[in-house]
Asks: 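Before I ask anything, here is the structure I am working with.
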Amino acid sequence: MQRNKFTTMRSLKVLDRCKGAQVYALHTTGGGGGDVGDKLYHQLQDHLSVNPVRPISMHNYQSSNVPLAYVNETLLPYGLPVSDLLEPQIESCLKFVDFIGTLADLYRRIENCPQFEKTGMYLEQCAIFKGLSDPKLFRRTLRAARQHTVDVHSKVVLAAWLRYERREDELRGTNSMNCCGRNIECPKATLVPGYNPEFIYDPCVCSKNPRGESVDDYSIEDVECSTSDEYRDMSFCIGDNEIRCIRYCIASLSTPFRTMLYGGFRESRKEKINFTQNGISIECMKAAELYSRIRRVDSFDPRIILELLTFSNRFCCDDLKSACDSYLASLVNDVENALLLIEYGLEENAYLLVAACLQVFLRELPNTMHSPNVMKYFCSPEAKERLALVGHASFLLYFFLSQIAMEEDMKANTTVMLLERLADCATESWQKQLAYHQLGVAMYERKEYKDAQSWFEEAYESGHIYSKVGIARTKCKRGHKYSAYKMINSLISEYKPVGWMHQERSLYCDGKEKMSDLEMATELDPTLCFPYKYRAVLLLETNKIGAAISEISKIISFKVSPDCLELRAWISIAMEDYERALRDVRALLTLEPNYMMFHEKMHGDHLVELLRPFVQQWSQADCWMQLYDRWSSVDDLGSLAVVHHMLANDPGKSLLWFRQSLLLLRLNCQKAAMRSLRLARNHSTSDHERLVYEGWILYDTGHCEEALAKAEESISIQRSFEAFFLKAYALADTSLDQESSAYVIQLLLDALRCPSDGLRKGQALNNLGSVYVDCEKLDLAADCYMNALNIKHTRAHQGLARVFHLKNQRKAAYDEMTKLIEKARSNASAYEKRSEYSDRDMAKSDLAMATQLDPLRTYPYRYRAAVGPEHEVSAFAVLMDDHKENEAIAELTRALAFKPDLQLLHLRAAFHDSMGDYASTVRDCEAALCLEPNHADTLELYNKVRELVKEQ
């Protein structure tokens, strides 16, 4: 059993190589003088190595004649933040008192439910994962839901949702109905019913002709001539016109026709039947006669097919209706067509036609969210009933629509109406909890506190404990503060306390009790922003400005959010540190370009313009120098601010958007990173450059093979650093056996032969060194790291330390990490890594510092719980040396309370197993498998323990 614990601790970092801890930039070759970064790097490299740029105090550049009162009035027109006005947002996602237990229960239900019901289970998992910080979990589950769908409606909604997650609507030159090349999102494949999970990732077979051009081409005239009049034994008369028909063929259209023509009715004895009063046109009747013989509608005019659809409903011609429905659905390719045809579909109960129209509306989101002509088909109760009659009103549909509406504008009437329809469609307990709670949040944001309280109470009665937060908040807003306090106090007494409970109770008490609750909230969940913000503002109010900056900087160091950056900028202005304020505002605007500052009263861009006269002005060359300086000091936020400044001067520079996207990825701001990456793609000036950015978009959304194909296509057009780099990374991610490692090395060497700026060369050298280490080519790796360090790639100290460690030079490895700690502004990972080269006491100290700087790093918890650095032969470390399993479990539980992590769960399961607590082992294994169903070590432990339980 020990082996499981130790396996958990082994590093899975095959290549820290190409993303996560790296930055990319695209070198563009073109006419003129080449890339600015390229030129500047060659001009400044020697200068930077001897005279590194130092931050310049912006106070030196303030105008001495500007009165301070005027400055304060200009920069702080709305005063300073007030602690009594602060409150945390009520989260709109599902939250649980026992999240691990919830994950375990969900995994069991997914595993045990019938195949055809798995989509609903995965949808519930999506709702749970929506509240986690890692969007990859949500997207993976969304794909699983799509994989197991059976009906067309669910396929249409889920395929559109997957497309929306990539926000392809922001990519220039793309069409919403473009196919990604796989069945999972193909707009034609979604309109085919049936259960085929094994083929979902296969390439789709999209026809180039949306009408489905037939191989056996024919014309109406040819078919009409092919049937002699001698076989036409009856006629339908419409006015003075007579349509000759074959009685048997018409009878085969439906039971009513068969009964009329061959039953006991008088029409069965007539050669001519009068259809004048039936409201059927001559063209429609001719088309129906022709269809009765050829069983095809694709040669008819669409207007005639619409008439045939009405005809088929009136006379119960199921096959004819299906053919018309399918063909009309194939014609829907844009919003204009969809708006024209959806009314026919709804009136005639045409399932596929309505599905095709919905597909266009959904794939055009979020743009169609702002179209009254589209939203009228979703928002009202009557609209929902109309959709329901055709089989297209579902919880899934309104779940998708309402999530987008909340992202667009939580307070909008459209959002409220969609949430109301979501509640109408809710049948299962979790669905009601989600819909009612989100309605409560929307009403609370609209300051409609009475309605908000009612919805929160509905959610709570449906089983959502967190909705008590909403009930308490609305009670307080309506003047019942003590009642709110008692409600949250009872919650803490009734359940095992979690961070958000103490955070909420702090709103309803004062003085020491309030501060005690806030400290407890941070201890239980250090990722909660509100306690840091409140303490910072309180320090500001007591004129302890430096302490206030330090307090809010604690959380910014590991969790970057716009509201915390805003607060730090606000405080920086108060202490007249305009350089830091401007840096934070620029970084904030990178996360949310339309952010409104100072109680949503001033646009962030306007504040930038107000601050600029009080700081030194930089040219684009100065910006490149500043960027090199911040890059070498591992100052990601500072680098982000510089790039924002550069983009303000040159918004069309794709490589700057690209660099911004990858800085954001390093800061774990994935949504903002993807937006910047899309902008990089939109501003690309060549096909080979555009293909690289499209490759990264595909890779980041889980399409590794497609990303490889984009890289190869880019290389076929022009060999470039970034194309080789992308290909190396995507290949390394799919496989790292000996053969593929050699290929990755060759690709990185090819990349280094291509032009690029110094920052990217350093990254490539660092990555190449990492692959050499994996291949046990330590001298070559050391050369790569040294070359990277020579061009200011400070992170290469970590790779060089690894080489020294593998050469049994622990002291040299420790010294390298110490250099990184001294140089890096963000150094939690450096402390963590240095612990591997320290003795036990120093390792504990380094890991304590790593946890203090970034509580989200899981290795320190795992080390303290069970396994020490690999330089010890002994397997057990701190707690396990003394057989303190309970303390080890408590250490892991502390981290799991705010960060559900696969490795932490697996390790805790191993401890439970070693203590014979099989029920807890199974629970933790199931929770871990809910996060990663294919984790081999957890599956092995889970199956072993279940067998033991069966035997007992």
Side-chain angles (χ1 to χ4, degrees), residues 10-27 136 658 661-662 665-666 677 688-689 691-789 791 793 795-803 805-806 833:
R10 293 192 189 113
S11 172
L12 299 178
K13 303 171 188 171
V14 185
L15 268 178
D16 251 355
R17 336 189 149 186
C18 306
K19 286 188 87 165
Q22 4 283 10
V23 175
Y24 311 88
L26 189 70
H27 173 78
K136 291 180 181 177
F658 192 33
S661 76
L662 293 145
L665 276 181
R666 283 184 24 195
L677 189 52
H688 76 87
E689 184 184 6
L691 287 164
V692 169
Y693 298 142
E694 289 176 351
W696 281 118
I697 291 171
L698 287 164
Y699 177 82
D700 286 334
T701 50
H703 299 83
C704 190
E705 290 183 15
E706 289 85 348
L708 266 173
K710 290 284 185 182
E712 289 167 355
E713 187 179 352
S714 178
I715 292 169
S716 70
I717 297 172
Q718 179 171 322
R719 296 166 64 88
S720 69
F721 177 93
E722 290 301 337
F724 282 117
F725 197 85
L726 168 60
K727 186 174 180 181
Y729 183 63
L731 184 65
D733 189 53
T734 55
S735 172
L736 263 186
D737 54 35
Q738 188 172 359
E739 183 179 350
S740 60
S741 293
Y743 189 32
V744 169
I745 289 171
Q746 184 57 52
L747 289 169
L748 288 171
L749 289 171
D750 287 339
L752 286 164
R753 294 187 189 102
C754 297
S756 183
D757 64 66
L759 303 182
R760 297 301 289 124
K761 294 281 189 181
Q763 185 63 68
L765 286 166
N766 194 57
N767 295 345
L768 183 57
S770 182
V771 185
Y772 278 138
V773 169
D774 292 340
C775 298
E776 300 181 357
K777 299 178 180 180
L778 300 184
D779 291 336
L780 289 173
D783 290 342
C784 288
Y785 292 129
M786 290 302 299
N787 288 332
L789 288 170
I791 52 176
H793 188 79
R795 287 181 175 85
H797 283 296
Q798 181 171 321
L800 194 55
R802 186 182 174 199
V803 170
H805 172 58
L806 291 172
K833 206 66 184 169

Asks: Side chain to side chain donor-acceptor pair (under 3.5 Å) with N787: which residues, sequence neighbours excluded?
Replies: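 Residues passing side chain to side chain donor-acceptor pair (under 3.5 Å) with N787: none at all.
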
Asks: Roughly how far, to the nearest 0.5 Å, is CD of E713 from NZ of K727?
Replies: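 Between atom NZ of K727 and atom CD of E713 there are 12.5 Å.
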
Asks: Where is the tightest heavy-atom contact between A751 and F721, given as atom of each residue plus distance?
Replies: O-CD1, 3.1 Å

Asks: Any sub-3.5 Å donor-acceptor pair from S714's side-chain atoms to A711's backbone N or O?
Replies: no

Asks: Identify the two heavy atoms, one from L752 and one from A764, that lie closest to each other, and give their separation to 0.1 Å.
Replies: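 Closest heavy-atom pair between L752 and A764: CD2-CB, 3.6 Å.
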
Asks: Quick test of your reading of the model: are D774 and R802 salt-bridged, counting only N-O distances below 4.0 Å?
Replies: yes

Asks: What's the spacing between H688 NE2 and I715 CD1 if we round to 0.5 Å?
Replies: 11.5 Å

Asks: When rounded to the nearest 0.5 angstrom, what distance separates CG in L691 from OG in S716?
Replies: 8.0 Å

Asks: I need the minimum non-hydrogen distance between L731 and L708, along with the two atoms involved.
Replies: N-CD2, 4.1 Å

Asks: Hey, does S741 have a side-chain heavy atom less than 4.5 Å from the side chain of Y772?
Replies: no

Asks: About how many Å separate CD of E689 and CZ of F658, when rounded to the nearest 0.5 Å?
Replies: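 Rounded to the nearest 0.5 Å, the CZ-CD separation comes out at 9.5 Å.
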
Asks: What's the separation between atom CG in L768 and atom CD in Q763, rounded to the nearest 0.5 Å?
Replies: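 Between atom CG of L768 and atom CD of Q763 there are 11.5 Å.
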
Asks: Show, in sequence, the C-alpha distance, side-chain angles and deciding distance for H793 and L765, and conclude whether the side-chain contact (heavy atoms from CB on, under 4.5 Å) test is met.
Replies: CA-CA 9 Å; H793 188 79; L765 286 166; over 6 Å; no

Asks: If you round to the nearest 0.5 Å, how far is NZ of K833 from NE2 of H797?
Replies: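 Reported to 0.5 Å precision, the distance equals 16.0 Å.
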
Asks: Testing the basics here: between I745 and C775, what is the closest heavy-atom pair and its distance to 0.1 Å?
Replies: CD1-SG, 4.2 Å

Asks: Angle between ring planes, W696 versus F725, binned at 30° and 60°: parallel, tilted or perpendicular?
Replies: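 Plane angle between 30° and 60°, so tilted.
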
Asks: Closest heavy-atom contact between A707 and G695?
Replies: CB-O, 3.2 Å

Asks: Please list, chain by chain and in numerical order, all residues satisfying side chain to side chain donor-acceptor pair (under 3.5 Å) with E712, sequence neighbours excluded.
Replies: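 Side chain to side chain donor-acceptor pair (under 3.5 Å) list for E712, sorted by chain: empty.
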
Asks: Considering residues, nucleotides and ligands other than Q746, do more than 12 of their heavy atoms fall under 6.0 Å from its CD?
Replies: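 Yes, the 6.0 Å shell around CD holds more than 12 heavy atoms from other groups.
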
Asks: Check whether the side chains of Y743 and E739 place a donor and an acceptor atom closer than 3.5 Å, and report yes or no.
Replies: no

Asks: Check this for me, if you would: do R753 and D750 make a salt bridge, where the nitrogen-to-carboxylate-oxygen distance has to be below 4.0 angstrom?
Replies: yes

Asks: Evaluate L665 against L677 for side-chain contact (heavy atoms from CB on, under 4.5 Å), listing each step before the verdict.
Replies: CA-CA 10 Å; L665 276 181; L677 189 52; over 6 Å; no

Asks: List the atom of N766, the atom of A788, and the distance in Å for their closest heavy-atom pair.
Replies: N-CB, 4.4 Å

Asks: Taking side chain to side chain contact (heavy atoms under 4.5 Å, CB included) as the test, write out the residues that go with A801, two or more places apart.
Replies: A813, E816, M817, Y837

